[in-house]
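Worth knowing before you read on, the calculation uses all heavy atoms, side chains too, and leaves out hydrogens, waters and symmetry mates.
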Amino acid sequence: MAEYVAPPAVEIVTNEAKEFVSPYLRYFFRYGEIVEDFKNQRMALKLRKQRVDTHVDEAKRQIEIIYDDVKDWLRSAEQELEETKNLQDEIDRVKCFKWCPKWGWRYSLSKKLAKKTPIISKLLKTSNFAQVGYRRSLQGIEFITSTDFMDSKSSKSAFNQIMEAINAKGVNMIGLHGMPGVGKTTLAKEVGKHAREQKLFDKVVMFTMSQNPNIRTIQDKVAEMFGLNFHTNTEEGRAEQLFRSMQRVNKILVIVDDLWEEFKMESIGIPFGAEHEGCKILLTTRRQQVCTKMNCKEIQLGILSEDEAWVLFRDKAGLEDDCSTVNDVAKEVAAECKGLPLAIVVVAKTLKGESLNGWRDANQRFKDSTHLYDEEVLGGVLEPLKLSYDYLKKGINQMTGNHIQLCFLLCSLFPEDEEIDIEILIMCGIGVGLFPNVYSIEDKRKKIVEALKKLQKSGLLLESDDAKRIRIHDVIRDFAHWLTSTEENRFMVKDTLKEWPHMDESYTAIALWNCSSIIKNFPDKVEFSKLKTLFLEGEVKWNRDDFLVVFGTFFEEMKALQVLLLNRVSFSLKGFPSLPNLKTLSCHDCMLKNFSLSLTNMRSLEILALIGTEIDEISEELAKLSALKYLRLSGVGFRKEMNIPPNLVSRHIIPPYFYYSGTDEGIIFPPGLVSRLTSLQELHVITKNNLNLLELKSLSRLTALSLTLSANQIPLEDFVLPKLQRYAIVVGECYGIIRKAFIRTLDIQDFSSSLSAFNNLFCNVEELNLRNVGGQKNIVPSIDEMGLNELTSLQLESCDDMEFLIDTKNDQESTVAFSNLVELNIESMVSLKGLCYGLSPTRFLQNLKQVSIKDCEELQVIFQIDKLSERIKCHTPLLSNLTKLSLHSLPKLKRIWEVKPSHRAIASLQSLNVVTIESCDYLKTIFSPCLALSMLHLQQLYIRHCDRLEQVIGFGQEDEIIENDCLLYCWPKLKALHIQDCESLKYISTNTLIQPLEYVYIGNCHQLIQIYNMEQNIVLPELGSQESLTNLTFLELRSLPELKYMWNGPNHYLNLHRVQIIDCDKLTYLFSEITARTLVHLQFLEIWNCESLERLFGGAENMDEIDVSNIKDQSPLFLPKLKRVMIRRCENLKYLCSSQGLPYLESIDIGYCPRLIQIFNMEKNKDGFGLQNHCWTKLKTLRIVDCQRLKYVFANTLSQGFPLLKSVYLKNCSQLLQVFSSTEERDVIGDHIPLNVPFLKNLEVSNCPQISCFIVQAQLIEELVLRNVGNRRQLCNTDVPVLNKGCIIVGNHEEVFQVQGGYSFSSIKSLQLWNLFEVRVIWNDFAQVVTLENLTTLNLFNCKKLRHIFSPMMARSLSHLVDLFIVRCEEIERLILAKDQVASSSSNGDTSLQPMSFPNLTRIIVTDCKNLNSLFPFGFVSVLPKLETLKVIRNSKLEQVFELEEKVEVVAEEEMKFDKLKWLSLEELPGLIHFCPKGYHSVFPAMIELKVRDCPKLTTDFFIDSQEFVHCKTKALQLVEQDAVEE
């Protein structure tokens, strides 16, 4: 049996030993478990971090701000993974001793792992972030882009008036009025831009009203600026939400552009006036009466003067400033523009480059058309615009000119202030027959785009921020409408229709926008025999069933119709009637019933676009459209409901196909249908579909293609997509928004088959994205042998087999490759070894501008310039166009570029302006010397987590050293330098000219010796004399333990605003005294943990020797703008600086500087200025802690010298003698002048035993703490004068407060007095009225001579007292004076009128007060309703805890209930007789702990009832005597 029992017994004993013998044994016995747990947790953390990194990257792409806790978590995770990397290596080494383990090694490793695993586990538990970032509220593109503001006399005057009105009180609405085209919008934008840049408002928002304002669109824009998501759909509900949201922002400027009539801003949701005094509204309008009706401060913007008009005209027309004949004629033309900036710009651009005859012809045209002056609405702007319109035909044939004019008129059909989609404009232009002699769609597109550019150059159209859109100025749009009101092409444009307008049949184009779904008098049929173009749009509705309903009969009499554009329209059952001339049909977000059958009625249709539109099906009828050249389908099919926030969707902002999609199968094409569309030139199917690509072979005219495909739709063999002029093809899941095919884009994802199907596209692809594409070792020649020379953007991600972009080892010819590549993004390419294998081809990467490479484990060198062939020398230097370089997580990268001095002619970084290098552990230098010499445009340099980096500029190899070479590196545009966590970095910029540097952050570079070294000031012929660092405004240095000085070389003029120096142990001073004299803009100075720092300013010892002739501000002030000083843990710091030049100082915070003697030098200063009294007019906070040698803080200070001081904290300054002193002779009483600090709220002086007494007048004091103050400097009572105002005596004096003239310290909240051995009374005269209605905390400790605290009147004011702590106050007899102890002259009146109560008192602790005989008198039972803790200990004379305020006999037993009391301690109270007066019964329903100990005379009994409530009663006197007899 023993052999069966032994194993379990052994196992039990072993487990017991593991658990109980010693916790350290688990490191031996459970080594395997600990290792496995650690490895699992570390791997889980690594994977979790990758996931969080992915979410963060996506958030950054969406321009979101990352939450701080997410950043902290990523930093912690990165740190733990880095720190545990060595532990992982140790685990692998321990495996090598498997059969003979090193027990000591295993024990040590096991212990380390056991400590790290819980830390990793905690990180995993805190990694579930619902969101990693949030969208910042927008600032307004109007105020970011240039406004082309002209600083004319009229605009300057109007601008100044507007700014004056904005700053004026009582003005909440400003009206800017003026003629059309005079520049009101431009000026309003300039005001908004100025207000934003100067931070005059918390928010600046601008929107356009127009003649027919779209309230929902305006609400959406304003809400977007405030980061508001609407939760209601009605305009009124949205207005209320917006109203409340804006009310929470203090200062807002709202710019309302182009207001036509009186309007109530509340209907949008904009509060102003009494509802929001901080909201100012600036509106622009053509009509002065609008300003008058809206009670605006009216400001008129006038026209330009003759001279100003000529300067603007000459500039826009490109004319020289001379006396030529052309200028004479041009001046006459400019005068005809009547000083209107819009007219001047348009006409000048139109005539730019004209000959003298052309100018004369234009001048004559003006003189021949004077009739236009009488136009009421547009006034003098019509004539110059008509001239520009007519000039569209000049120099080209009549037909082309007519078509450009018609293109312009088409633009006027779109809604006011809308950005016009160029693709829609092209479809409409083709439909109306523009450029009929051009056959193909592509060629027509080019012609129309060319016409639009001509219109832009002539000033009739405006560019948009979106390259795919254009804009038209509202004045020019009005001009177009004026043209089409009389000529052959007659147009009508209406917006926000509630009722059908009166129209005759003469119109050729009609545009009706935002028509109500319940529009009145909407006809079933209209007769428009001449109508060629119809735009019809319904209002925004969230339910398609509420769309504008149109019957097919409506179109029956429109036989000439060529273009039909429908938005948000629902068709009746009959579908379309016969439209024999219809060329273009575009339907956005419509419901078209029986659409397939309607196609037979459109035999001439050339362009069909269905976007987000419901139809019955894609049927065979489509094949009958023999003329169809252009087909676009997106989101076609049945509606799929999605919950989209209403504010994300408004007209033309988000296309309908974002919130409507087709069926789950996408678009279903009948087999063979596409192959029968033989006239098709462009096919765009931007949604899931079943298209058979083999059908494309039949489309011989196809030139443009947009497709979203699955990998299964690509035929495996013998299929090649046709050659195309434009395409946008996505294979795989579409991760982004597919763009329209303006550029040639190929996006292939998750694809492992052959790429031969795309061979015809690689030759001209412009944007190539490959993600998780396998089987390709390179792009050239594997994917394309021709070199992809039209490629401008290349993105590679997770293509695990790819090693190089190009392999030229077997290349026998002069290959040209990637010659037009502009943007290169590479990520997670595990096999990538370099960009080029072999000699670089001709013009390789010559146009490259942006490079981003991330997470490529094998990459060692990026740009191998030393392998370039000699043939490159004749072309543009390699990398000369590179502007942005970002390298991240490249663990094996040794060099960014391999370059020799001899290659200086073939490589240059002349355009580089932003460099970001992160987590490249093997990198030793960033720039080689020969490349650094070329970096004249570098603006931002960021380097992080590069552990082996030694120098920013350094020699990578010996042969890079150049004999007799100039080692001056000039970076004349570098503004930002950020270097962090580079453990081996020793030097940053040696002999590098970085004069414009504005921002410097350097942290955790533990080997860094110096930051900046420039031997002498430099004079460069092209740059002139360079004073280094003159633009530096922000400097932060952290954890640089080897840094001895910041810069070496000549003294510098600095423009520093903020300086932070932390953990720089060897730094002995910050600036030389010469340099310090230039710190006239320094505002914030923060220094932490600089052990060797002795002084802030060093260098020249005699200020007389300092040459300050080149200092721009000759003010004698030393640091005239310094606001805040914070210095902590600088053990050798002795003093800061002279106090003479600190008029704006707001905060002084100095702590743990044990050798600090003086804060401000009190001696005669080195400029020869004698001592004088100072005022610290801005100082608000003074905090000095643990400065053991400090003797003086302020010297020579006027009694009125601290008008804004709010907080004073002086702690643990054992040698401090004086805080405030003065040589002021007036008002001196004794040796003390009362210091008037009217705003002082917090005053704490602790552990300053040597301090001299000082007096403060602080009417608003809220917190007073005096602890161990002046105990070694005893004061006579005569030392402190009796003043005629209430004041506080800071020191060990017999009084704390002097109360005079009925003054009340009613603001005080916390009063703490510790170890003040001389204090006898807190208040000098209890007869004065002192109310303590806000006092919450009273703490008295070891005030041995204190006898009383409150008068009865004071006690009755303690309604907010929460904590009362009295300890070791040996002389105190009563907390509250008896009435007969208050002077008979008291002005308190009858103190018995109001019973005493402490309704908020929660904690009472009274200990070691040997003369105390009573705690609280009370007048009624609810004296302490909130009391939770009562501890009365070692008060030898205390006879009763509570006594009656009035000595009256209690006839019947009364109950005193303590509902909240939980902890009651009565200990070591030899004199205690009663807890409460005789005749009272106390109940404690909440009691948790009761301690009654060593109270021999106590007559109170405590007992517990059936409800477990504690009770106490005081025995009657005769019972007490009887008990005594029995004893």
Once rounded to the nearest 0.5 Å, what's the spacing between atom [atom1] of [X] and atom [atom2] of [Y]?
X      : Y      : atom1 : atom2 : result
Thr400 : Lys454 : OG1   : NZ    : 10.5 Å
Gln910 : Ser880 : CD    : OG    : 5.0 Å
Glu164 : Ile162 : CD    : CD1   : 11.5 Å
Gln940 : Lys884 : CD    : NZ    : 8.5 Å
Ile299 : Lys184 : CD1   : NZ    : 14.0 Å
Leu455 : Glu450 : CG    : CD    : 11.0 Å

State whether the side chain of [X] and the backbone N or O of [Y] hold a donor-acceptor pair below 3.5 Å, judged by distance alone.
X      : Y      : value
Asn820 : Thr792 : no
Thr284 : Thr185 : no
Arg477 : Phe414 : yes
Thr584 : Ile607 : no
His937 : Lys973 : no
Asn160 : Lys156 : yes
Trp513 : Val493 : no
Arg469 : Ile420 : no
Tyr630 : Ala609 : no

- prompt: Does Arg445 pair with Glu423 as a salt bridge, N-O distance under 4.0 Å?
  reply: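 A salt bridge links Arg445 with Glu423.
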Can you name the nearest heavy-atom pair linking [X] to [Y], along with the distance?
X      : Y      : answer
Tyr439 : Gln681 : CE2-NE2, 3.4 Å
Phe491 : Ser412 : CD2-OG, 4.1 Å
Ala158 : Leu176 : CB-CD1, 4.4 Å
Pro415 : Asp495 : CB-OD2, 4.2 Å
Leu909 : Ser934 : N-OG, 2.8 Å

Side chains of residues 403-411: which donor-acceptor pairs under 3.5 Å do they make with residues two or more places apart or in other chains?
from   : atom 1 : to     : atom 2 : distance (Å)
His403 : ND1    : Phe435 : N      : 3.1
Gln405 : NE2    : Tyr389 : O      : 3.0

For Asp328, all residues meeting salt bridge (charged side-chain N to carboxylate O under 4.0 Å, His left out), sequence neighbours excluded: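 Checked Asp328 against salt bridge (charged side-chain N to carboxylate O under 4.0 Å, His left out); zero matches.
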Can a donor-acceptor pair be found between the side chains of [X] and [Y] at a distance below 3.5 Å?
X      : Y      : answer
Glu442 : Thr703 : no
Ser157 : Gln161 : yes
Ser819 : Asn789 : yes

task: Indicate yes or no: at least one non-hydrogen side-chain atom of Val256 is less than 4.5 angstrom from one of Phe207.
output: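 Side-chain contact under 4.5 Å: yes.
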- request: Report yes if the side chains of Cys291 and Thr285 come closer than 4.5 Å at any heavy-atom pair, otherwise no.
  value: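 When only atoms from C-beta onward are counted, Thr285 and Cys291 do touch, with a gap below 4.5 Å.
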message: side chain to side chain contact (heavy atoms under 4.5 Å, CB included) for Asn764 and Tyr727? Distances and angles first, verdict last.
response: CA-CA 10 Å; Asn764 66 352; Tyr727 50 86; 3.0 Å; yes
Identify, with sequence neighbours excluded, every residue that meets side-chain hydrogen bond (donor to acceptor under 3.5 Å, both in side chains) alongside [X].
X      : result
Ser506 : Arg490, Asp504
Thr208 : none
Glu298 : Gln288, Thr292
Ser586 : His588

task: Please name the residue in the list Thr325, Leu319, Asn327 that meets the side chain to side chain contact (heavy atoms under 4.5 Å, CB included) test with Trp359.
output: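 Going through Thr325, Leu319, Asn327 one by one, the side chain to side chain contact (heavy atoms under 4.5 Å, CB included) with Trp359 is satisfied by Leu319 alone.
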- prompt: Should the heavy atoms of other residues, nucleotides or ligands under 6.0 Å from NZ of Lys444 be counted, would the total exceed 12?
  reply: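 For Lys444, atom NZ is crowded (more than 12 foreign heavy atoms under 6.0 Å).
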message: For the NZ atom on Lys629, are there more than 12 heavy atoms of other groups (residues, nucleotides or ligands in this structure) within a distance under 6.0 Å?
response: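 Count over threshold, so yes.
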message: Between Met163 and Val191, is the side chain to side chain contact (heavy atoms under 4.5 Å, CB included) condition met? List the steps.
response: CA-CA 8 Å; Met163 297 312 301; Val191 169; 4.1 Å; yes
message: As a test of understanding, state which of Gln725, Glu790, Glu767 forms a side chain to side chain donor-acceptor pair (under 3.5 Å) with Arg744.
response: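 So the option named by the test is Glu790.
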